[in-house]
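Input: a single structure, listed below in structure tokens.
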Amino acid sequence: MSFDLVANVAISGILTGLVYGLMALGLSVIFGVVRVVNFAHGQMMSVAMYAAALLFARFELDPFLAVAPVAVAFFVLGYALQAGLINRFITRPEHSQFLLLVAVGLILVNGLLMAFGPDARSVQVDYQLESFEFGDILIDKARAYAAGLAIVTALLLGGFFRFTWTGVAIRACADNYFAARVVGLHVRRLYALTFGLGAVCVAVAGCALTLLVDVTPSLGPHYTLLAFVIVIVGGLGSMIGALLGGVLIGVSEAVGGLLISPSAKSMLSFGLLIVVLLLRPQGLFGRRS
Amino acid sequence: MSRAALLLTGLLAVALVFPWLAGGYALSVGTLILYFAYTSQSWNVMMGFAGQLSLGHALYVGIGAYAAGALFYHFGIGPWAGLPLAVALAALAGVVIACLAFRFGVSGVYFALLTIAFAEFTRIGFDHVSWTGGPGGMFLKVEQRDSIDLVHLRGPPALYYYVMLALTAGALALCSRLLGSRAGYYWRAIRENEEAAQALGINVFRWKVLAMAISAGMTAISGVFFAFYNNSLFPEQVFNTGRSIEIVLGSVIGGVGTLFGPIFGAAVFTLLSEGATEALRAVGWEIPGSKGVVYGVVLLLVIVFLPQGIWPPLARRLGIR
Amino acid sequence: MARSQGIDRRSFTTALAAGVATSLLPLRSARAQPAKLKVGVILPRSGTLGLTGQSCQKGADLAPGVIKELLGVDLELMNADFESNVDTARTRAERLIQDGAHVLVGPFDSGAAAAIAQVAEQRGVPLIINIAAAPQITEQGYRFVFRNFQTATEIVKNGLDLVGELFQATHTAPTTAVYMHVNDTFGQAMTKGITAILPQRTQLGFKILDDIGYDPAAKDLTVEVSRAKATKADFLLLVSRLNDAVLLRREMVKQRWNPMGIVSPGSPGMYEEQYFKSLGKLSEYSISNVPWYNPQAKLTKLVEKAFLKQNPNDKLVFHGLNVGFTFEAILVAADAFKRARSTDPKALAEAIRQTNITDKMTLGGPIKFNAKGQVEGIGSACVQNLNQLPTVVLPSAAATAKPVFPTPGYKKT
Amino acid sequence: MTALLRASGLSKSFRGLKAVANASFEVAEGQVSALIGPNGAGKTTVFNLIAGVYAPDTGTIHFQGRPIHGLRPDQICAAGIGRTFQLVKPFPALSVLDNVIVGALRVERTVAAARGAAHAVLRKLGLEARANDPAATLTLSDRKRLEVARALATRPRLLLLDEVMAGLRPTECDQLVEAFRGLHRAEGLTILLIEHVMRAVMALAQHIAVLDRGAVIARGTPDEVVRDMAVVQCYLGEDTEI
């Protein structure tokens with residue numbers, strides 16, 4: 001196996017992994033703060049992908065520009081979902097929360113199917129078929145841009161949590177629900193805000209991903225699982241963990257596809273998930289609680 | 001006779017004569033209801049009784065289906081002989097997963113994700129096992145349709161219906177016995193508060209593993225049925241996460257931890273899904289996906305407004321405790 | 001969703017209740033009067049196979065009209081969508097039979113075909129498979145299951161023979177290939193066929209350097225294509241479905257991989273409308289050796305006329321295979337009905353067994369079922385995408401253009 | 001008088017913070033002993049070390065002459081030590097009776113026998129009337145009784161009571177004290193209690209050990225300890241309620 005081959009595959013794995021990492025980051029933020037398992041995460045992202053594809057088809061809007069309106073819309077939707085529905089469930093047992101979001105996911109998948117039919121939608125921009133060339137190493141332009149967007153978004157989010165009052169308050173909520181209430185934080189509103197921010201991650205990742213993947217209504221559940229794998233492997237509540245987890249999964253699947261049968265490469269992710277859950281439940285990059 | 005016993009006798013009587021009253025389609029819906037009632041009842045042992053949320057029960061259906069299916073396919077060994085093997089393998093898988101998870105203190109959502117991971121891992125794994133046909137599927141030989149062959153579980157649709165009815169009734173009886181036994185008390189104690197249970201001398205680890213083993217073994221039996229009812233097995237179909245969720249639905253809609261909940265819930269959600277198709281057709285609204293939306297909305301409403309499931313409030317109204 | 005205004009809650013609840021009720025009532029439909037044959041058409045019109053299912057449906061929709069003209073037989077179609085879900089396929093089939101379908105036609109997918117075959121056999125209602133290639137289906141011992149489509153083994157045989165013809169016609173002699181296939185029921189069956197048959201076809205003169213199977217739900221084929229490219233094989237032998245074919249073609253361009261060509265030894269994907277729509281220019285030159293229809297046949301003209309009437313903005317050529325075989329499956333049913341003069345399922349099955357249709361739309365010999373219910377001798381064509389249309393280039397008898405191989409590489413415009 | 005439970009040289013640290021430092025004490029057979037001390041003195045940690053929630057870093061615990069340090073909580077219970085929790089942990093969805101049956105099953109062979117035993121325990125603690133109500137519906141005082149009933153049903157030789165009086169009204173407190181006294185008198189049950197409410201301690205305990213900063217600083221009969229209080233006071237600070 002040549003070096004070029006491995007390098008090419010690994011680089012594209014890293015870049016795709018960053019986009020997946022951003023999606024997972026949304027999950028990590030929601031799970032880490034609200035403590036609710038968003039089983040409709042991937043489904044939400046496929047909605048964002050449709051939004052981007054639609055904006056492109058209607059207005060020729062580049063998915064990178066579509067990020068702005070889609071993210072705003074998703075923030076509002078995420079906020080509303082948490083405030084209107086999920087907040088009622090935060091004290092319910094886990095299986096109850098899980099089913100709530102399964103139901104939301106079902107509605108999203110089938111709603112998309114009703115609205116857009118089963119066929120795949122894609123976005124065609126000029127740079128999609130172009131690559132940066134470094135000798136024998138080819139880097140897909142769209143993928144590189146998407147990864148860049150993922151990093152920028154993650155940095156902005158990180159900054160928000162570190163440097164703004166609201167961000168710090170949200171982290172306080174995540175650390176201790178009761179203490180946060182005692183000091184007078186409006187926890188439920190902060191939860192809604194958090195879900196909104198998680199949804200923004202999903203929206204940005206979705207827009208970026210439309211350049212790499214054709215969107216179909218049935219795409220969602222797969223990405224939900226993927227997001228879980230990344231978050232658990234990376235470490236729950238660790239922002240850098242989600243991104244690195246994405247990269248790790250991206251690279252391991254990519255390189256795994258070279259070493260074993262490509263159709264078996266997802267086994268690596270699930271295998272990794274199992275090992276991490278058993279041996280290091282706080283995740284590879286998470287802190288021990 | 002108590003109201004519960006009356007209700008049960010009545011239900012059983014209706015279920016017994018159902019094949020004579022119903023057409024082929026209704027019979028297959030009935031079989032499907034019983035199948036989900038049974039699998040959901042099996043899942044309920046883990047979640048409803050012992051409080052461990054498994055979202056990967058398709059794994060045990062698949063193990064059961066493939067074990068019995070492969071024995072029949074490769075060696076012509078009938079399902080009844082394959083059954084013990086299927087149950088043993090699934091129970092073993094359950095024990096291994098449980099031991100790993102509980103020894104390492106994996107619980108709650110993490111445990112649920114672990115069960116999904118094992119099921120997915122196995123699904124993709126089976127895609128690469130050529131002995132069971134890989135993704136190409138395993139196709140069991142079909143015998144003549146009019147002969148009833150209990151030994152090889154071959155016969156008309158009513159046969160499958162009755163087999164499933166017997167299994168469901170058996171599971172109900174078993175679960176009722178379990179619930180009233182030492183295991184039932186210990187499991188519920190663990191479900192309610194693990195620490196307190198341990199302080200009362202319960203070896204929590206061992207009893208949780210036992211719950212998993214029983215639940216997995218029971219589930220595997222439905223897998224054997226599945227293989228011989230469908231005659232074709234595909235990893236993608238059998239081990240799918242969607243399958244695991246279907247198994248969960250009956251109990252959650254009906255009432256987690258109750259005896260009648262899974263049966264009742266399975267009936268409700270199967271009829272709902274079939275009824276939604278019919279209803280949408282009746283109002284001329286046949287758009288792909290519409291059924292799924294209706295289904296999702298109803299599920300949502302049930303979860304939001306009936307957090308205990310449908311059965312407990314209904315039972316109260318019927319005067320059954 | 002603007003449509004929701006159409007239904008208020010009460011009418012929906014009523015309908016739901018009615019639906020549950022009717023679905024459980026023992027509707028024993030009268031099967032006495034043989035005036036009309038009720039054909040239950042079961043296809044995946046939604047879900048992952050939705051597009052192809054809808055394409056097949058077009059063939060079913062035009063059948064009653066054409067067949068009335070052709071045989072003077074009245075058909076009533078009963079359509080069911082199994083949502084690309086095998087379980088649903090099963091209950092939909094039960095429902096169709098309960099509602100009085102005399103014969104079932106469908107379902108494009110092998111997994112669903114296996115499930116429906118089971119139902120058909122149990123209820124004793126004939127199932128005529130339009131498209132589904134898993135060889136096992138007609139090997140399981142069913143008596144009511146018929147298939148007018150090539151099994152994977154035959155597809156591979158015909159497909160590889162056409163590969164040989166292609167090399168001859170273009171005076172090329174590639175020595176290496178990389179084989180990529182989707183890892184599902186169909187892809188697995190095809191792979192089995194290729195592993196068995198390729199070694200016997202020594203005259204083809206190429207060997208396979210790597211066998212790359214990928215997940216049917218793959219969202220991204222970067223790794224797979226990188227690996228294929230690294231073999232430096234002369235050409236790509238591909239067994240795909242639709243979405244993955246699109247994905248793969250694009251990825252090849254991104255990675256600047258220009259083999260002599262992409263040749264499918266018999267799989268869907270590259271001749272389908274969506275392939276052209278999604279890829280535009282990139283769709284050019286892809287080659288599929290698949291069971292196909294004869295554009296010159298008399299029946300084709302009839303079907304095409306009906307097709308264009310129903311779908312004025314469509315071209316038959318994009319739906320040729322799906323429409324052709326779905327139509328023919330219904331034709332088989334109608335023909336048997338005419339001869340049996342009865343809708344009794346046993347009589348129908350018997351009549352289907354005696355089928356001998358020579359005037360057909362698809363390539364190959366007459367439609368005749370063997371003891372297992374399988375039609376043998378269905379022909380394939382080498383179809384190349386030329387000028388944004390799937391074009392028959394081989395065999396020369398049915399060809400409307402010359403094959404292009406090696407194919408020119410993609411150039412940025 | 002023999003020591004039923006003997007702890008010697010117990011130490012336990014959490015992340016470098018020493019919660020228990022070289023603590024030694026004994027619980028005599030048939031006596032009611034109490035462990036008192038200010039908040040953060042390490043009482044609950046000592047308790048958890050005995051109950052098997054934590055294993056001690058150093059030191060040993062012997063029960064009936066057998067070493068029990070490092071055993072799991074269920075093994076400790078099987079050895080004959082029952083406990084209650086400071087923050088009550090009933091099985092909320094189970095009935096009061098079922099709660100106690102779970103405990104009784106430790107010694108009874110059948111569920112039927114356990115049910116009988118459970119009824120007997122409930123009668124002793126005056127909870128019989130609520131036997132069929134879900135535990136979630138009980139008042140705090142009744143929940144505490146339930147905890148005790150559940151622990152008693154396991155037929156312990158030694159009962160560990162963790163701040164069982166906390167949060168109760170004085171009258172409720174007195175009732176519970178009366179109940180314990182009855183148990184102790186009737187069955188000679190050995191009890192070790194951790195308690196803040198000195199009223200209850202003085203009423204019940206025959207022997208008291210005072211814990212501060214993880215170490216035992218005084219021990220003796222209630223009278224002796226009270227006499228020592230001047231000394232103790234300076235250790236414990238002004239806010240100790242006596």
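Just so we're on the same page: letters track the sequence lines, and every chain starts at 1. Small disclaimer: the values here were computed from a predicted structure and weren't measured.
- Counted within 6.0 Å of NZ on A:Lys141, heavy atoms from surrounding residues, nucleotides or ligands total more than 12; the atom is thus considered enclosed.
- In this structure the side chain of C:Thr222 reaches within 4.5 angstrom of the side chain of A:Arg143, judged on heavy atoms.
- For the atom pair CZ of C:Arg227 and CG of A:Asn8, the computed distance is 15.0 Å after rounding to the nearest 0.5 Å.
- Residues A:Leu129 and C:Leu282 meet the side-chain proximity criterion, which asks for heavy atoms closer than 4.5 Å.
- Heavy atoms closer than 4.5 Å to chain C are found in both the backbone and the side chain of A:Ser131.
- Only the backbone of A:Ile260 comes within contact range of chain C, with heavy atoms under 4.5 Å apart.
- Per-residue counts of heavy-atom pairs under 4.5 Å with chain A were compared for C:Leu51, C:Asp210, C:Val223; the largest is that of C:Val223.
- A:Glu253 has its side chain out of reach of C:Asp220: every pair of non-hydrogen atoms, C-beta onward, lies at least 4.5 Å apart.
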*Criterion side-chain contact (heavy atoms from CB on, under 4.5 Å) on C:Asp215 and A:His222, from CA distance to verdict*: CA-CA 12 Å; C:Asp215 193 332; A:His222 171 82; 5.9 Å; no
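- For the residue pair C:Gly213 and A:Ser261, the shortest heavy atom distance occurs at O-OG, 3.9 Å.
- Counting only distance, with no hydrogens or angles, the side chain of A:Gln124 and the backbone of C:Ser278 share a donor-acceptor pair below 3.5 Å.
- Atom OG of residue A:Ser263 and atom CD of residue C:Glu224 lie 8.5 Å apart, to the nearest 0.5 angstrom.
- In plain terms, the two heavy atoms of C:Ser226 and A:Leu5 that are nearest each other are O-CD1, 3.3 Å.
- Atom OG of A:Ser12 sits about 9.5 Å away from atom NZ of C:Lys254, to the nearest 0.5 Å.
- Applying the 6.0 Å contact sphere to CD of C:Gln388 captures more than 12 heavy atoms from other residues, nucleotides or ligands.
- The closest side-chain heavy-atom distance from A:Asp214 to C:Arg250 is below 4.5 Å.
- In this structure, the portion of C:Lys229 lying under 4.5 Å from any heavy atom of chain A is its side chain and not its backbone.
- In this structure, chain C has no heavy atom under 4.5 Å from any part of A:Arg121.
- Proximity to chain C (any heavy atom under 4.5 Å) is restricted, for A:Lys265, to the side chain, taken from C-beta onward.
- Neither the backbone nor the side chain of C:Val225 comes within contact range of chain A; no heavy atoms are under 4.5 Å apart.
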